[in-house]
Amino acid sequence: MTTAPADAAIHASLKGVTRIYPGAGGNKPVHALGPVDLDLRRGEFFGVVGPSGCGKSTLLEVLAGLQQPTAGTVNFEGKPVMGEVPDGIGVVFQEDASFPWLTVWDNAAFGLRRAGIDEAETRRRVDDVLAFMGLKDFARAYPAQLSGGMRQRVCIARTLVLQPRLILLDEPFGALDAQTRLLMGDEVLRLWRRTGATVLLITHALDEAAMLSDRIGAMSARPGRFMDIVETHWPRERDSTIVGEVAFGEITGRLWENLRGESLKSLGYAGMAAAE
Amino acid sequence: MSRVGWIRLAVIVIAVGALEFACQFGFINRKVVIPPSEMAVALGKLLASGQANGEIARTFGIIVLAIAIAVVLGFAIGVVIHALPRLRQALDPFFATYYAVPIFIFYPVMVAIFGLSVIPIVLIGVATAIVAMIMATLNGLDRIPRVLSKVARVHRMGAVATALRLKLPAAAPYLFTGVKLAVSYGFIAVIASEFILAPAGLGRVISDAYSDFNNPRMYALMLLLIIVATFVNMVLHAFDQRWAERRGIGRP
Ligand SMILES: Nc1ncnc2c1ncn2[C@@H]1O[C@H](COP(=O)(O)OP(=O)(O)OP(=O)(O)O)[C@@H](O)[C@H]1O
Ligand SMILES: [Mg+2]
């Protein structure tokens, strides 16, 4: 291998990445992201929090190779990411991306069938992932018959079944109530431990980020940049009960300190203050 | 059968029964309407004799042809217009008002151009059906979630696979609405054209039977058209219902 041993711990990285959306139809160009530097360590759980519209989804899409950065470079497993989603990256999108014309089972099998995996292996892996995601009893159901949270699980199952080494989750539980979200958080922790994958989770919920992550990147208002990266030092075996710990309060407190001003900015208060 | 199904059947039985009763007991002049039972018998005899087979084949052949052209061409035109937003904007008012104009008035013109043949009938059928298909295609393509394109790229699918595996199934129920409308419109347009002016076909035979006071033949063929149209639409409706159930379309 040509990669230096020191880099082996770095699973994916962004260097000086910015993303500017060109203005279409007479609109001004939108500087959505960066410059951003980020090293994702192999096997870590990295949370990203930031005010709405700060460029979180843009960050994820650039990292996944779904968007070209305007400047800077993206690396995954030592290779540059260029215009294509590299093998080994799985993405769960912010929007519901389940296929309404397929059953839950066929949704989960989609990627395996595309990859030409044989029927017996497909069956084994799909049954396994559905059991793991608590969807076993809904295997024959169609997404429209499920709740929003269940549909998002279907999308997670569809991603997991391909055994990605880097899993990117874009606010997968954004539409759920706070309690359900905490429980879904436990599930995400379970899948992270079991798969051994590196996970990047975008969320707008500080408590969710604090409870799940090894490290949390707090982003500024648009154009999004990392203002602070908080290490949580949680043990690998953890669950939602840690929300009762003192350290949990300290972490969310520190995140909020960082984000309060930025969230106000993104709401437009900074502009109002300047006008006074 | 469900409760609703029984009620539906009861409505049909009562309506047909009332007509039968009214005809049999002279409330309706038999010279105007013959009893439904006699219509059915007349239809049975007509079909058994094979006299009308040529006309039946001709008319349904034209209908199938017109609908097929309207669906395929309408879909293709819809795809092209969808890819050209400016053109779409320009055409929008035409689509919106298209069915306000009785396209039928152009039938004599087409007969004048193409002669008294199959062509003007097919053209009227296509012209009546195609815009419904174009509009349904535009609607269907609009409703493809944008996130599907991203999913496709995560799975490293090419343009063709993305179109066939993701976009087409996502748009399918909306496209099907277009097919359903095209079937109804095509059916009506072809029969009506034949009725007005045609060398042959069921519409023409019904029209001739009417002029000749040949009630059994006229009502037999009317019954045939009603049965076929109802059957085809029931099949299409059943498909639609299945989709609606699976995909939650049309549910509040
Ligand atoms: N295709 C695009 N063209 C132009 N501007 C865009 C495009 N996509 C996103 N933007 C803008 O870029 C900014 C960042 O968008 P992005 O979706 O990355 O933010 P986000 O942090 O994920 O927001 P949210 O919290 O709502 O999910 C927003 O202001 C958005 O309006
Ligand atoms: Mg987003």
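In this text, all values refer to a predicted model and were calculated from it rather than measured experimentally.
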Visitor: Supply the atom-to-atom distance A:Glu84 CD to B:Arg156 CZ, rounded to the nearest 0.5 angstrom.
Guide: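 So the gap between those two atoms works out to 6.0 Å.
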Visitor: Output the option from B:Ser149, B:Pro145, B:Ala170 having the highest count of non-hydrogen pairs under 4.5 Å with chain A.
Guide: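 Looking at each of B:Ser149, B:Pro145, B:Ala170 in turn, B:Ala170 comes out on top.
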Visitor: With a strict 4.5 Å heavy-atom criterion, list every residue of residues 72-92 of chain B that contacts chain A, or say none.
Guide: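 Hits under 4.5 Å: none found.
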Visitor: Is atom CZ of A:Arg190 surrounded by more than 12 heavy atoms (other residues, nucleotides or ligands) closer than 6.0 Å?
Guide: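 Counting other residues, nucleotides and ligands, CZ of A:Arg190 exceeds 12 neighbours.
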Visitor: Residue by residue, which of residues 160-168 of chain B have a heavy atom closer than 4.5 Å to a heavy atom belonging to chain A?
Guide: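 Within residues 160-168 of chain B, the residues that come under 4.5 Å of chain A (heavy atoms only) are B:Ala161, B:Arg165, B:Leu166.
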Visitor: Around atom CZ of B:Phe239, are there more than 12 heavy atoms of other residues, nucleotides or ligands at under 6.0 Å?
Guide: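 Counting other residues, nucleotides and ligands, CZ of B:Phe239 stays at 12 neighbours or fewer.
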Visitor: From A:Gln67 CD over to B:Arg153 CZ, what is the distance, rounded to the nearest 0.5 angstrom?
Guide: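 Here the interatomic distance stands at 8.5 Å.
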Visitor: Counting heavy-atom pairs under 4.5 Å with chain A, which one of B:Met157, B:Lys150, B:Arg146 comes out on top?
Guide: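 Winner by heavy-atom pair count: B:Lys150.
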Visitor: So, for B:Leu148 and A:Ala97, which heavy atoms are closest and what is the spacing to 0.1 Å?
Guide: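 Closest pair (atom of B:Leu148, atom of A:Ala97, distance): CD2-O, 4.4 Å.
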Visitor: Which bit of B:Pro169 comes within less than 4.5 Å of chain A, counting heavy atoms only: side chain, backbone, both or neither?
Guide: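 The answer is both parts of B:Pro169.
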Visitor: Could you go through the side chain to side chain contact (heavy atoms under 4.5 Å, CB included) check for B:Glu245 and A:Tyr142 one step at a time?
Guide: CA-CA 9 Å; B:Glu245 252 166 56; A:Tyr142 286 86; over 6 Å; no
Visitor: Are B:Arg246 and A:Trp101 side-chain neighbours, meaning at least one heavy-atom pair lies under 4.5 Å?
Guide: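 No, every pair of side-chain atoms sits at 4.5 Å or beyond.
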Visitor: Please classify the contact of A:Pro143 with chain B as side chain, backbone, both or neither, using a heavy-atom distance under 4.5 Å.
Guide: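 Nothing of A:Pro143, per the 4.5 Å heavy-atom cut-off to chain B.
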Visitor: Using only non-hydrogen atoms and a strict under-4.5 angstrom cutoff, which residues of residues 87-96 of chain A touch chain B?
Guide: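 Listed by number: A:Asp87, A:Ile89, A:Val91, A:Phe93, A:Glu95, A:Asp96.
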Visitor: Select all residues of residues 150-163 of chain A having any heavy atom within less than 4.5 Å of some heavy atom of chain B, and report them by number, or 'none'.
Guide: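 Under the 4.5 Å heavy-atom cut-off, A:Arg158, A:Leu162 qualify.
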